[in-house]
*Asks:* 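Pasting in a structure now, in structure tokens, and then I'll have a few things to ask.
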Amino acid sequence: MLYYLFKRLLLFIPTLIVITLLAFVISVHAPGNPVERLLTSAESGDMSASVTASMQEEKQYWAHRLGFDLPVFYLTIAPLAWPDTLFKIMDKQENAAAKSLLQQYGNWPAIENYRISVEQLCNTFRQLPGDTTLISPNGKNEMYETDRQAAFIAYSLPAASDAKVMPAKLNALEMHCKKYPDSDMRSIRLQQTRLAYETMIASSVSWRNYFPVIQFHFENQYHRWMFGDGNWLTGEGSTFSKGLIRGDLGMSYVTRMPVSEVISARIGWSLFFTLLSVLLAYLISIPVGIRAAEKPGSFYDRASSIILFVLHSMPAFWLATMLLMLFANTDAFRWFPASGVKPISGYPAGAGFFEKVKLSLPYIVLPLIAYTYSSLAFLSRLTRVSLLETLQQDYIRTARAKGLSEYHVIYKHAFRNALLPVITVFANVFPAAIGGSVILETIFTIPGMGLETYQAIQSQNYPVVIGVLTLTGLLTLTGYLVADILYAFADPRISLSKEKA
């Protein structure tokens, strides 16, 4: 047994690596900019096109804390023209513009010089706001309005890469500077930018894009996600992340809490409903399935089959809605609360465990029915079919020929072998507990992992989604391991010893 468990645990390692790689790839390619979501500074209308110095510092802080100032993976296959520091351009639009310029001109030193001159030009527009005291005869501060438009054009240059758009923007800025000759510093910066732009075009070496090279990066986003920003083996010295292997699933973009704390706070109710519904389903379905298999074709078998088929055919969200309309509706039967798992005002101060159970019991009846009915119907039919097949085996005929009672034939000989398909279903219990039932928890407003996952998807809170995905993969492997162990206990023909393995 131990040898078998050791082999299965060794197989977990490559499987977990694949799962983490898949989760990481999804997180990297998820839409949206996490740094933008974490910024606390409110953006006014004027600031929508500009970025203040404090916002720049905050962006850099969050990018460094999340590891976005690192390359994505250990190696990168890129064109010869691409520098190994391209990942340091953290803004996605500006990064895409830099790549586009590289594809067009291939000369990174010239492109970098152009980008630096554009950045200096933008800083000049930020540092020299227009005179707000000059009011024109028609009541408008024309210079101030023109400055805003020119600044908007300047701020859009870092993300521009089109060969027609860039000179058009530079021409527009040049017209602005000619209109207001007192903006000397802007004119100087603009001339430097235009010169850098023309140099970039004149020194084009686009052929460098046709030769791929491999770039290696020991410090990268995946390494940090897996092992943290401290010592990769011991975790010592970590500042922002201890790594996935030490249980650090990252930080929620919404609450800024560790994802592990978010999951810990939510998983309790998901585990409660999942495990309790599975327990009820097994306790009810197995006797029902055995009774139907004992006398196939009887009235009980036909009646139970019809009822179970009807139950199994009803979608969970539909039945949950019907339960709420019938038993949590003041126009029908107001027997149970419609949402939540406890009173809105909370438990009374000093309430004991049983008092809390009594207060929460009305809240869990309808969700528990919705959780249980489908798996109950499925397991009952599975038990019946599996037991009927087992009862047709030769060793069952031999047992009956020996004169054993029907009770001994079914429960001592056939039942254990018939449990194998039922045990297979048990492997799905663990991932269902962490993933939860998104639909049912949303309908009944159960504060579990299903509702949390749904809200995380809606708010693009990807660390929580990726954390749930990673833990679900881990628990799926655990579920199959537990199922394998149960196989050995249920069927003596299955041996997990070293000699039989």
Side-chain angles (χ1 to χ4, degrees), residues 37 247-281 315-325 327-329 334-375 428-475:
R37 290 180 50 77
D248 189 346
L249 297 171
M251 181 184 65
S252 168
Y253 292 160
V254 176
T255 62
R256 299 190 180 182
M257 292 173 57
V259 174
S260 55
E261 290 186 13
V262 175
I263 293 177
S264 300
R266 294 282 192 159
I267 196 173
W269 283 110
S270 294
L271 278 172
F272 172 79
F273 280 105
T274 302
L275 296 179
L276 187 58
S277 64
V278 168
L279 178 63
L280 288 176
F317 68 89
W318 180 84
L319 181 68
T321 307
M322 290 298 104
L323 289 174
L324 287 176
M325 292 178 62
F327 302 111
N329 188 348
R334 189 69 170 86
W335 292 351
F336 302 101
S339 63
V341 291
K342 60 184 178 181
I344 298 177
S345 58
Y347 298 116
F353 173 76
F354 292 104
E355 187 176 356
K356 291 181 180 178
V357 171
K358 183 180 177 182
L359 290 173
S360 290
L361 193 59
Y363 291 86
I364 66 176
V365 171
L366 296 184
L368 195 59
I369 294 173
Y371 267 92
T372 306
Y373 85 94
S374 180
S375 54
N428 295 320
V429 170
F430 292 95
I434 184 69
S437 175
V438 174
I439 296 176
L440 292 181
E441 289 189 5
T442 303
I443 291 176
F444 290 106
T445 322
I446 297 172
M449 284 309 306
L451 182 59
E452 179 65 30
T453 304
Y454 172 72
Q455 293 173 343
I457 293 173
Q458 278 194 320
S459 59
Q460 297 184 342
N461 193 3
Y462 295 114
V464 174
V465 179
I466 298 303
V468 171
L469 171 66
T470 306
L471 282 182
T472 301
L474 177 63
L475 290 176

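Quick note: numbers below take in every heavy atom, side chains included, and nothing from hydrogens, waters or symmetry partners.
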*Asks:* Does atom CE of Met322 have more than 12 heavy-atom neighbours from other groups under 6.0 Å away?
*Replies:* yes
*Asks:* Which heavy atom of Gly467 sits nearest a heavy atom of Val259, and at what distance?
*Replies:* CA-CG1, 4.5 Å
*Asks:* If I take atom CD from residue Glu452 and atom OG1 from residue Thr442, how far apart are they, to the nearest 0.5 angstrom?
*Replies:* 11.0 Å
*Asks:* Should we say atom CZ of Phe272 is surrounded by more than 12 heavy atoms from elsewhere, each under 6.0 Å from it?
*Replies:* yes
*Asks:* Give, for atom CG of Leu451 and atom CD of Gln455, the distance between the pair rounded to the nearest 0.5 Å.
*Replies:* 4.0 Å
*Asks:* May I ask you to test the Leu324-Asn329 pair for a side-chain heavy-atom distance under 4.5 Å?
*Replies:* no
*Asks:* I'd like a table of donor-acceptor pairs (distance under 3.5 Å, sequence neighbours excluded) in which one partner is a side-chain atom from residues 354-367, with atom names and distances.
*Replies:*
{"unit_1": "Ser360", "atom_1": "OG", "unit_2": "Val341", "atom_2": "O", "d": "3.0"}
{"unit_1": "Ser360", "atom_1": "OG", "unit_2": "Tyr347", "atom_2": "OH", "d": "2.5"}
{"unit_1": "Ser360", "atom_1": "OG", "unit_2": "Lys356", "atom_2": "O", "d": "3.3"}

*Asks:* Using the six-membered ring wherever Trp is involved, compare the ring planes of Phe273 and Tyr371 and label them parallel, tilted or perpendicular (cut-offs 30° and 60°).
*Replies:* parallel
*Asks:* For Phe336, does its backbone N or O pair with a side-chain atom of Arg334 as donor and acceptor, under 3.5 Å?
*Replies:* yes
*Asks:* Do the non-hydrogen side-chain atoms of Val464 and Thr453 ever get within less than 4.5 Å of each other?
*Replies:* no
*Asks:* Mind checking the CZ-CD spacing from Arg266 to Glu261? Nearest 0.5 Å is all I need.
*Replies:* 13.5 Å
*Asks:* Is the closest side-chain heavy-atom distance between Leu323 and Ile369 below 4.5 Å?
*Replies:* yes
*Asks:* In terms of heavy-atom contacts, does CG of Leu319 have more than 12 from other residues, nucleotides or ligands at under 6.0 Å?
*Replies:* yes
*Asks:* At their closest point, which heavy atom of Ser270 faces which heavy atom of Gly450, and how far apart are they?
*Replies:* OG-N, 4.1 Å
*Asks:* Are the side chains of Val468 and Met449 in touch, meaning some heavy atoms are under 4.5 Å apart?
*Replies:* yes
*Asks:* Taking atom CD1 of Ile263 and atom CG of Leu471, what is their separation to the nearest 0.5 Å?
*Replies:* 4.5 Å
*Asks:* Do the side chain of Asn461 and the main chain of Ser252 share a donor and acceptor less than 3.5 angstrom apart?
*Replies:* no
*Asks:* Let me confirm one number: the CG-CG distance from Leu280 to Leu275, rounded to the nearest 0.5 Å.
*Replies:* 11.0 Å
*Asks:* Can you check whether Ala281's main-chain N or O pairs, donor with acceptor, with Thr372's side chain at less than 3.5 Å?
*Replies:* no
*Asks:* Can any side-chain N or O of Tyr373 pair as donor or acceptor with the backbone N or O of Leu368 at less than 3.5 Å?
*Replies:* no
*Asks:* To the closest 0.5 Å, what do you measure between CG (Leu279) and OG1 (Thr274)?
*Replies:* 12.5 Å
